[in-house]
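All figures in this text were calculated on a predicted structure; none of them were measured in a lab. Residue numbers start at 1 and run along the sequence shown. Values below: every heavy atom of this structure, side chains too, minus hydrogens, waters and symmetry copies. Atoms within a ligand are numbered from 1 in the order they appear, just like the ligands themselves.
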Amino acid sequence: KEFDVAVVGATGAVGETMLRILEQRKFPVRNLYPLASERSAGKEILFRNRKIRIENLAEFDFSKVQIGLFSAGGSISEVHAPRAAEAGCVVIDNTSQFRREPDIPLVVPEVNAHALAGYTTRGIIANPNCSTIQMIVALKPLHDAAYIQRINVATYQAVSGSGASAIQELANQTAKLLNGQDIDPPKAYPKQIAFNALPHIDVFLDNGYTKEEMKMVWETRKILEDDNIQVNPTAARVPVFFGHSEAVHIETRDKLTAEQARKILSKAPGVKVIDQRKDGGYATAVTDGANNDAVFVSRIREDISHERGLDLWVVADNVRKGAALNSIQIAERLISDYL
Ligand code: A2P
Ligand code: 11C
(Lines give C-alpha, C1' and ligand atoms only; values in the text may rest on other atoms or scores of the structure.)
(Ligands and ions follow the chains in the order given, each with its own letter.)
Protein backbone atom coordinates (compact mmCIF):
# COMPACT_ATOMS: atom_id res chain seq x y z
CA LYS A 1 0.00 0.00 0.00
CA GLU A 2 1.24 3.50 -0.86
CA PHE A 3 0.35 6.91 0.51
CA ASP A 4 0.23 10.48 -0.77
CA VAL A 5 2.26 12.65 1.58
CA ALA A 6 2.54 16.42 2.04
CA VAL A 7 5.62 17.90 3.75
CA VAL A 8 4.72 21.34 5.09
CA GLY A 9 7.83 23.51 5.49
CA ALA A 10 9.76 21.41 2.95
CA THR A 11 12.44 24.11 2.51
CA GLY A 12 13.23 24.32 6.23
CA ALA A 13 15.88 22.60 8.33
CA VAL A 14 13.43 19.92 9.54
CA GLY A 15 11.39 19.67 6.32
CA GLU A 16 14.46 18.95 4.18
CA THR A 17 15.54 16.26 6.61
CA MET A 18 12.04 14.75 6.44
CA LEU A 19 12.45 14.38 2.67
CA ARG A 20 15.80 12.61 3.11
CA ILE A 21 14.45 10.29 5.82
CA LEU A 22 11.38 9.37 3.74
CA GLU A 23 13.86 8.31 1.04
CA GLN A 24 16.28 6.53 3.37
CA ARG A 25 13.58 4.52 5.16
CA LYS A 26 11.76 3.76 1.91
CA PHE A 27 8.51 5.13 3.26
CA PRO A 28 5.79 4.02 0.82
CA VAL A 29 5.19 7.43 -0.79
CA ARG A 30 3.02 7.44 -3.91
CA ASN A 31 2.93 11.20 -4.56
CA LEU A 32 4.97 13.70 -2.58
CA TYR A 33 3.80 17.29 -2.22
CA PRO A 34 6.45 19.67 -0.85
CA LEU A 35 4.71 22.75 0.54
CA ALA A 36 6.09 26.06 1.79
CA SER A 37 5.27 29.76 1.66
CA GLU A 38 4.47 31.59 -1.55
CA ARG A 39 8.11 32.78 -1.52
CA SER A 40 9.23 29.25 -2.35
CA ALA A 41 6.28 28.16 -4.54
CA GLY A 42 7.47 27.18 -8.01
CA LYS A 43 11.01 26.29 -6.92
CA GLU A 44 11.99 22.64 -7.05
CA ILE A 45 13.29 20.08 -4.60
CA LEU A 46 14.78 16.66 -5.29
CA PHE A 47 12.98 13.56 -4.10
CA ARG A 48 14.14 10.10 -5.17
CA ASN A 49 16.19 11.74 -7.92
CA ARG A 50 13.15 13.49 -9.35
CA LYS A 51 12.53 17.22 -9.33
CA ILE A 52 9.25 18.16 -7.68
CA ARG A 53 7.75 21.64 -7.66
CA ILE A 54 7.11 23.26 -4.29
CA GLU A 55 3.50 24.37 -3.88
CA ASN A 56 2.05 27.21 -1.83
CA LEU A 57 0.64 25.81 1.42
CA ALA A 58 -2.11 28.43 1.54
CA GLU A 59 -3.59 27.12 -1.72
CA PHE A 60 -3.06 23.40 -1.22
CA ASP A 61 -6.02 21.03 -1.27
CA PHE A 62 -5.32 18.47 1.49
CA SER A 63 -7.93 16.02 0.22
CA LYS A 64 -5.18 14.91 -2.20
CA VAL A 65 -3.06 13.39 0.60
CA GLN A 66 -3.53 10.89 3.42
CA ILE A 67 -0.59 12.07 5.56
CA GLY A 68 0.72 15.59 6.27
CA LEU A 69 4.06 16.14 8.00
CA PHE A 70 3.97 19.70 9.36
CA SER A 71 7.06 21.66 10.36
CA ALA A 72 6.59 25.30 9.36
CA GLY A 73 5.96 26.85 12.79
CA GLY A 74 3.14 26.91 15.32
CA SER A 75 1.10 29.72 13.77
CA ILE A 76 1.09 27.91 10.40
CA SER A 77 -0.03 24.65 12.02
CA GLU A 78 -2.70 26.48 14.00
CA VAL A 79 -4.43 27.48 10.76
CA HIS A 80 -3.55 24.71 8.32
CA ALA A 81 -3.41 21.52 10.43
CA PRO A 82 -7.15 21.59 11.28
CA ARG A 83 -7.89 22.48 7.65
CA ALA A 84 -5.87 19.44 6.52
CA ALA A 85 -7.48 17.15 9.10
CA GLU A 86 -10.91 18.30 8.00
CA ALA A 87 -10.03 17.24 4.45
CA GLY A 88 -9.20 13.71 5.67
CA CYS A 89 -5.40 14.04 5.93
CA VAL A 90 -3.82 12.73 9.15
CA VAL A 91 -1.52 15.48 10.41
CA ILE A 92 1.74 14.73 12.22
CA ASP A 93 2.63 18.11 13.65
CA ASN A 94 6.16 18.94 14.70
CA THR A 95 5.28 22.31 16.27
CA SER A 96 4.29 23.06 19.85
CA GLN A 97 0.81 24.20 18.74
CA PHE A 98 -1.25 21.17 19.81
CA ARG A 99 1.03 19.24 22.17
CA ARG A 100 -0.77 20.15 25.36
CA GLU A 101 -4.30 19.56 24.09
CA PRO A 102 -5.70 16.53 25.93
CA ASP A 103 -7.43 15.05 22.89
CA ILE A 104 -4.29 15.17 20.73
CA PRO A 105 -1.77 12.34 21.21
CA LEU A 106 1.84 13.34 21.90
CA VAL A 107 3.92 10.42 20.71
CA VAL A 108 7.44 9.01 20.87
CA PRO A 109 7.05 5.57 19.26
CA GLU A 110 9.58 3.79 21.52
CA VAL A 111 7.83 5.18 24.60
CA ASN A 112 4.06 5.53 24.13
CA ALA A 113 3.03 4.21 20.72
CA HIS A 114 -0.28 3.11 22.31
CA ALA A 115 -1.32 6.78 22.58
CA LEU A 116 -1.50 6.96 18.76
CA ALA A 117 -4.94 5.35 18.92
CA GLY A 118 -6.33 8.71 20.05
CA TYR A 119 -5.54 10.35 16.70
CA THR A 120 -9.01 9.72 15.32
CA THR A 121 -10.66 12.40 17.47
CA ARG A 122 -8.95 15.38 15.85
CA GLY A 123 -6.94 13.81 13.03
CA ILE A 124 -3.78 15.38 14.46
CA ILE A 125 -0.81 13.74 16.20
CA ALA A 126 1.77 15.94 17.93
CA ASN A 127 5.51 15.33 17.79
CA PRO A 128 7.19 16.38 21.06
CA ASN A 129 9.94 18.97 21.41
CA CYS A 130 13.44 17.72 20.55
CA SER A 131 14.85 18.15 24.04
CA THR A 132 11.96 16.14 25.51
CA ILE A 133 12.20 13.33 22.94
CA GLN A 134 15.82 12.39 23.57
CA MET A 135 15.43 12.66 27.33
CA ILE A 136 12.30 10.50 27.44
CA VAL A 137 13.71 7.77 25.15
CA ALA A 138 16.59 7.41 27.64
CA LEU A 139 14.47 7.71 30.78
CA LYS A 140 11.40 5.57 30.01
CA PRO A 141 13.17 2.20 30.59
CA LEU A 142 14.59 3.50 33.89
CA HIS A 143 11.17 4.82 34.88
CA ASP A 144 9.65 1.40 34.22
CA ALA A 145 12.35 -0.22 36.38
CA ALA A 146 12.55 2.13 39.36
CA TYR A 147 9.94 4.92 38.99
CA ILE A 148 11.42 8.36 38.45
CA GLN A 149 10.18 10.93 40.97
CA ARG A 150 12.27 13.91 39.95
CA ILE A 151 14.37 15.00 36.98
CA ASN A 152 16.96 17.78 37.04
CA VAL A 153 18.20 18.51 33.55
CA ALA A 154 20.47 21.03 31.85
CA THR A 155 20.49 21.12 28.05
CA TYR A 156 23.18 22.20 25.59
CA GLN A 157 21.19 22.74 22.41
CA ALA A 158 22.34 23.12 18.82
CA VAL A 159 21.36 26.12 16.70
CA SER A 160 19.61 23.92 14.11
CA GLY A 161 16.75 23.74 16.63
CA SER A 162 15.99 27.34 15.69
CA GLY A 163 15.91 26.63 11.95
CA ALA A 164 17.90 27.48 8.86
CA SER A 165 18.41 31.18 9.68
CA ALA A 166 20.10 30.38 13.00
CA ILE A 167 22.46 27.88 11.32
CA GLN A 168 23.44 30.71 8.95
CA GLU A 169 23.89 33.15 11.83
CA LEU A 170 26.29 30.88 13.73
CA ALA A 171 28.27 30.23 10.53
CA ASN A 172 28.49 33.95 9.69
CA GLN A 173 29.45 35.05 13.18
CA THR A 174 32.11 32.35 13.45
CA ALA A 175 33.64 33.23 10.08
CA LYS A 176 33.67 36.96 10.83
CA LEU A 177 35.20 36.58 14.28
CA LEU A 178 37.89 34.21 13.00
CA ASN A 179 38.72 36.81 10.35
CA GLY A 180 39.02 39.58 12.92
CA GLN A 181 35.85 41.33 11.72
CA ASP A 182 32.90 42.69 13.71
CA ILE A 183 29.74 40.58 13.62
CA ASP A 184 26.43 41.91 12.25
CA PRO A 185 23.77 42.70 14.86
CA PRO A 186 22.43 39.27 15.95
CA LYS A 187 18.98 38.40 14.56
CA ALA A 188 18.25 34.76 15.37
CA TYR A 189 19.30 35.24 19.02
CA PRO A 190 19.39 38.32 21.27
CA LYS A 191 23.14 37.92 21.90
CA GLN A 192 26.18 36.57 20.04
CA ILE A 193 25.98 32.76 19.75
CA ALA A 194 29.44 32.06 18.25
CA PHE A 195 31.94 31.04 20.97
CA ASN A 196 29.23 31.62 23.60
CA ALA A 197 26.41 29.90 25.56
CA LEU A 198 22.96 31.49 26.01
CA PRO A 199 20.72 30.43 28.93
CA HIS A 200 17.62 31.19 26.89
CA ILE A 201 15.50 29.14 24.46
CA ASP A 202 12.03 30.27 23.39
CA VAL A 203 10.15 32.98 25.32
CA PHE A 204 10.32 33.80 29.02
CA LEU A 205 7.25 32.83 31.09
CA ASP A 206 5.85 34.35 34.30
CA ASN A 207 7.52 31.76 36.56
CA GLY A 208 11.02 32.70 35.37
CA TYR A 209 11.48 29.54 33.29
CA THR A 210 11.59 29.73 29.50
CA LYS A 211 8.95 28.03 27.37
CA GLU A 212 11.53 25.49 26.13
CA GLU A 213 12.11 24.53 29.77
CA MET A 214 8.41 24.29 30.56
CA LYS A 215 7.85 22.16 27.43
CA MET A 216 10.15 19.58 29.02
CA VAL A 217 7.96 19.61 32.15
CA TRP A 218 4.57 19.51 30.39
CA GLU A 219 5.54 17.04 27.69
CA THR A 220 7.33 14.60 30.02
CA ARG A 221 4.23 14.38 32.21
CA LYS A 222 1.89 13.92 29.26
CA ILE A 223 4.00 11.24 27.54
CA LEU A 224 4.57 9.27 30.76
CA GLU A 225 0.93 9.86 31.77
CA ASP A 226 2.03 10.92 35.24
CA ASP A 227 1.53 14.44 36.58
CA ASN A 228 3.49 13.65 39.75
CA ILE A 229 6.89 13.57 38.05
CA GLN A 230 8.85 16.66 39.03
CA VAL A 231 11.00 18.15 36.27
CA ASN A 232 13.45 21.02 36.78
CA PRO A 233 15.10 22.08 33.49
CA THR A 234 17.59 24.72 32.37
CA ALA A 235 17.81 25.01 28.59
CA ALA A 236 20.88 26.59 27.02
CA ARG A 237 21.89 27.28 23.42
CA VAL A 238 25.47 26.48 22.48
CA PRO A 239 27.47 27.05 19.28
CA VAL A 240 26.92 23.53 17.92
CA PHE A 241 25.25 23.10 14.52
CA PHE A 242 23.59 19.68 14.94
CA GLY A 243 22.97 17.56 18.05
CA HIS A 244 21.55 18.43 21.44
CA SER A 245 23.32 17.29 24.64
CA GLU A 246 21.71 16.98 28.05
CA ALA A 247 23.05 16.46 31.56
CA VAL A 248 20.19 14.52 33.17
CA HIS A 249 19.97 13.86 36.92
CA ILE A 250 17.17 11.62 38.14
CA GLU A 251 15.86 10.64 41.55
CA THR A 252 14.06 7.31 41.60
CA ARG A 253 11.69 5.80 44.14
CA ASP A 254 13.55 2.47 44.10
CA LYS A 255 17.33 2.28 44.20
CA LEU A 256 18.91 1.69 40.79
CA THR A 257 22.64 1.11 40.56
CA ALA A 258 24.68 2.46 37.67
CA GLU A 259 25.34 -1.13 36.60
CA GLN A 260 21.61 -1.95 36.55
CA ALA A 261 20.85 1.24 34.62
CA ARG A 262 23.57 0.45 32.07
CA LYS A 263 22.16 -3.02 31.56
CA ILE A 264 18.61 -1.77 31.12
CA LEU A 265 19.65 0.97 28.71
CA SER A 266 21.82 -1.33 26.62
CA LYS A 267 18.66 -3.26 25.70
CA ALA A 268 16.35 -0.24 25.39
CA PRO A 269 14.70 0.57 22.03
CA GLY A 270 16.26 3.53 20.24
CA VAL A 271 19.11 3.83 22.77
CA LYS A 272 22.83 3.27 22.27
CA VAL A 273 25.04 3.20 25.35
CA ILE A 274 28.58 4.53 24.94
CA ASP A 275 29.95 4.56 28.44
CA GLN A 276 33.55 3.68 29.04
CA ARG A 277 35.07 5.44 31.97
CA LYS A 278 38.09 6.72 30.08
CA ASP A 279 39.16 9.57 27.80
CA GLY A 280 36.71 9.82 24.92
CA GLY A 281 34.58 6.93 26.18
CA TYR A 282 31.38 8.93 25.83
CA ALA A 283 29.09 10.27 23.09
CA THR A 284 29.20 13.87 21.90
CA ALA A 285 26.79 15.81 19.72
CA VAL A 286 29.16 16.22 16.81
CA THR A 287 31.00 12.88 16.81
CA ASP A 288 28.06 10.60 17.62
CA GLY A 289 24.68 12.36 17.71
CA ALA A 290 24.72 14.28 14.44
CA ASN A 291 23.45 12.29 11.43
CA ASN A 292 22.61 9.25 13.54
CA ASP A 293 19.22 7.93 14.57
CA ALA A 294 19.96 6.65 18.07
CA VAL A 295 19.72 8.43 21.40
CA PHE A 296 23.19 8.02 22.93
CA VAL A 297 23.62 7.62 26.68
CA SER A 298 26.96 8.12 28.43
CA ARG A 299 28.44 8.98 31.83
CA ILE A 300 26.00 6.69 33.70
CA ARG A 301 26.88 7.04 37.37
CA GLU A 302 25.38 7.11 40.85
CA ASP A 303 24.79 10.57 42.29
CA ILE A 304 27.18 11.02 45.23
CA SER A 305 24.80 13.61 46.72
CA HIS A 306 21.61 11.50 46.68
CA GLU A 307 20.91 7.91 47.78
CA ARG A 308 18.61 7.15 44.88
CA GLY A 309 20.09 9.54 42.34
CA LEU A 310 21.54 8.67 38.95
CA ASP A 311 23.37 10.91 36.45
CA LEU A 312 23.39 10.52 32.66
CA TRP A 313 24.70 12.38 29.61
CA VAL A 314 22.23 12.11 26.71
CA VAL A 315 22.99 13.09 23.12
CA ALA A 316 20.89 12.92 19.93
CA ASP A 317 20.49 14.57 16.54
CA ASN A 318 17.84 17.18 17.30
CA VAL A 319 16.74 17.48 13.68
CA ARG A 320 16.49 13.71 13.15
CA LYS A 321 15.30 11.92 16.33
CA GLY A 322 14.29 15.27 17.83
CA ALA A 323 12.02 16.16 14.93
CA ALA A 324 12.01 14.66 11.41
CA LEU A 325 12.81 11.05 12.27
CA ASN A 326 10.38 10.88 15.17
CA SER A 327 7.61 12.27 12.92
CA ILE A 328 8.33 9.64 10.28
CA GLN A 329 8.49 6.86 12.88
CA ILE A 330 5.03 8.03 13.97
CA ALA A 331 3.90 7.86 10.34
CA GLU A 332 5.31 4.32 10.06
CA ARG A 333 3.31 3.22 13.11
CA LEU A 334 0.25 4.97 11.77
CA ILE A 335 0.33 3.13 8.46
CA SER A 336 1.23 -0.24 9.96
CA ASP A 337 -1.38 -0.16 12.72
CA TYR A 338 -4.18 2.16 11.62
CA LEU A 339 -4.33 3.19 7.95
P1 A2P B 1 9.82 29.22 3.08
O2 A2P B 1 11.19 28.70 2.74
O3 A2P B 1 8.96 29.35 1.88
O4 A2P B 1 9.83 30.45 3.93
P5 A2P B 1 13.07 26.82 9.25
O6 A2P B 1 12.45 26.29 10.51
O7 A2P B 1 14.29 26.07 8.84
O8 A2P B 1 13.28 28.30 9.31
O9 A2P B 1 11.99 26.56 8.10
C10 A2P B 1 10.69 27.06 8.16
C11 A2P B 1 9.84 26.40 7.07
O12 A2P B 1 8.50 26.89 7.22
C13 A2P B 1 10.28 26.74 5.66
O14 A2P B 1 10.05 25.64 4.82
C15 A2P B 1 9.35 27.88 5.31
O16 A2P B 1 9.11 28.04 3.93
C17 A2P B 1 8.08 27.42 5.98
N18 A2P B 1 7.17 28.55 6.16
C19 A2P B 1 7.41 29.70 6.83
N20 A2P B 1 6.35 30.54 6.73
C21 A2P B 1 5.42 29.89 5.98
C22 A2P B 1 4.11 30.23 5.51
N23 A2P B 1 3.53 31.39 5.79
N24 A2P B 1 3.45 29.30 4.78
C25 A2P B 1 4.03 28.12 4.48
N26 A2P B 1 5.26 27.76 4.88
C27 A2P B 1 5.95 28.63 5.61
C1 11C C 1 15.15 24.31 19.89
N2 11C C 1 13.63 22.74 20.90
O3 11C C 1 16.10 23.52 19.94
C4 11C C 1 13.75 23.86 20.03
C5 11C C 1 13.20 23.66 18.66
O6 11C C 1 8.83 23.25 20.32
O7 11C C 1 9.26 22.25 18.46
C8 11C C 1 11.83 23.05 18.58
C9 11C C 1 10.75 23.91 19.16
C10 11C C 1 9.53 23.08 19.32
O11 11C C 1 15.27 25.52 19.70
Using atom types as modelled and distance alone, determine if a side-chain donor or acceptor of [X] lies under 3.5 Å from a backbone N or O of [Y].
X      : Y      : value
Arg99  : Asn94  : yes
Thr287 : Ala283 : no
Thr210 : Asp202 : no

Checking a contact table here: which protein heavy atom is nearest [atom], and how many Å away?
atom                    : value
atom 4 (C) of ligand 2  : Glu212 OE1, 3.5 Å
atom 7 (O) of ligand 2  : Arg99 NH2, 2.7 Å
atom 5 (C) of ligand 2  : Gly161 O, 3.0 Å
atom 9 (O) of ligand 1  : Gly12 CA, 3.2 Å
atom 11 (O) of ligand 2 : Arg237 NH2, 2.5 Å
atom 24 (N) of ligand 1 : Ser37 CA, 3.6 Å
atom 11 (C) of ligand 1 : Gly9 CA, 3.9 Å

Which atoms of ligand 1 sit under 4.0 Å from any heavy atom of [X]?
X      : value
Ser40  : 1 (P), 2 (O), 3 (O)
Gly163 : 5 (P), 6 (O), 7 (O)
Ala164 : 5 (P), 7 (O), 8 (O)
Ala10  : 14 (O)
Arg39  : 4 (O), 19 (C), 20 (N)

Sub-4.5 Å side-chain heavy-atom contact between [X] and [Y]:
X      : Y      : result
Glu246 : Gln134 : yes
Ile335 : Ile67  : yes
Pro141 : Lys267 : no
Asn228 : Tyr147 : yes
Val153 : Met216 : yes
Asn129 : Ser96  : no
Asp293 : Asp317 : no

Only heavy atoms of [X], strictly under 4.0 Å: list the atoms of ligand 2 that pass.
X      : result
Cys130 : 2 (N), 3 (O), 4 (C), 5 (C)
Gln157 : 1 (C), 2 (N), 3 (O)
Asn94  : 7 (O)
Lys215 : 6 (O), 9 (C), 10 (C)
His244 : 3 (O)

Is there at least one pair of N or O atoms, one from Val14 and one from ligand 1, spaced under 3.5 Å apart?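 No, since none of the N or O atoms of Val14 sits under 3.5 Å from an N or O of ligand 1.
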N or O pair under 3.5 Å between Thr11 and ligand 1: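 Yes: some nitrogen or oxygen of Thr11 is under 3.5 Å from one in ligand 1.
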Do any N/O atoms on Asn129 end up under 3.5 angstrom from N/O atoms on ligand 2?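 Indeed, backbone or side chain, Asn129 has an N or O that close.
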Apply side-chain hydrogen bond (donor to acceptor under 3.5 Å, both in side chains) to the pair Gln97 and Thr95, showing each step before the final yes or no. CA-CA 5 Å; Gln97 187 60 34; Thr95 76; 5.4 Å; no
Salt bridge (Lys or Arg N to Asp or Glu O under 4.0 Å) between Glu251 and Arg150, worked out: CA-CA 5 Å; Glu251 295 166 14; Arg150 182 154 182 257; 3.1 Å; yes
For ligand 2, which part of Ile201 has a heavy atom less than 4.0 Å away: the side chain, the backbone, both, or neither?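 Side chain only.
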Side chain or backbone of Ile76 under 4.0 Å from ligand 1, or both, or neither, by non-hydrogen atoms?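 Side chain only.
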Backbone, side chain, both or neither: what part of Leu57 comes under 4.0 angstrom of ligand 1, heavy atoms only?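 Side chain only; the backbone of Leu57 stays clear of ligand 1.
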Would you check whether Asn127 reaches within less than 4.0 Å of ligand 2, judged by its heavy atoms?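 For ligand 2, residue contact (heavy atoms, under 4.0 Å) with Asn127 is absent.
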What is the minimum heavy-atom distance between Leu177 and Gln192, and which atoms define it?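 What the structure gives for the nearest pair is CD1-NE2, 3.4 Å.
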List the steps, then state whether side-chain hydrogen bond (donor to acceptor under 3.5 Å, both in side chains) holds for Thr132 with Glu219. CA-CA 7 Å; Thr132 311; Glu219 297 177 17; 3.0 Å; yes
Mind telling me whether Tyr338 and Tyr119 have parallel, tilted or perpendicular rings, with 30° and 60° as the class edges?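 Perpendicular, since the angle between the ring planes exceeds 60°.
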Ser162, Ala72, Ala36: member with heavy atom nearest to atom 25 (C) of ligand 1: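 The option holding the nearest heavy atom is Ala36.
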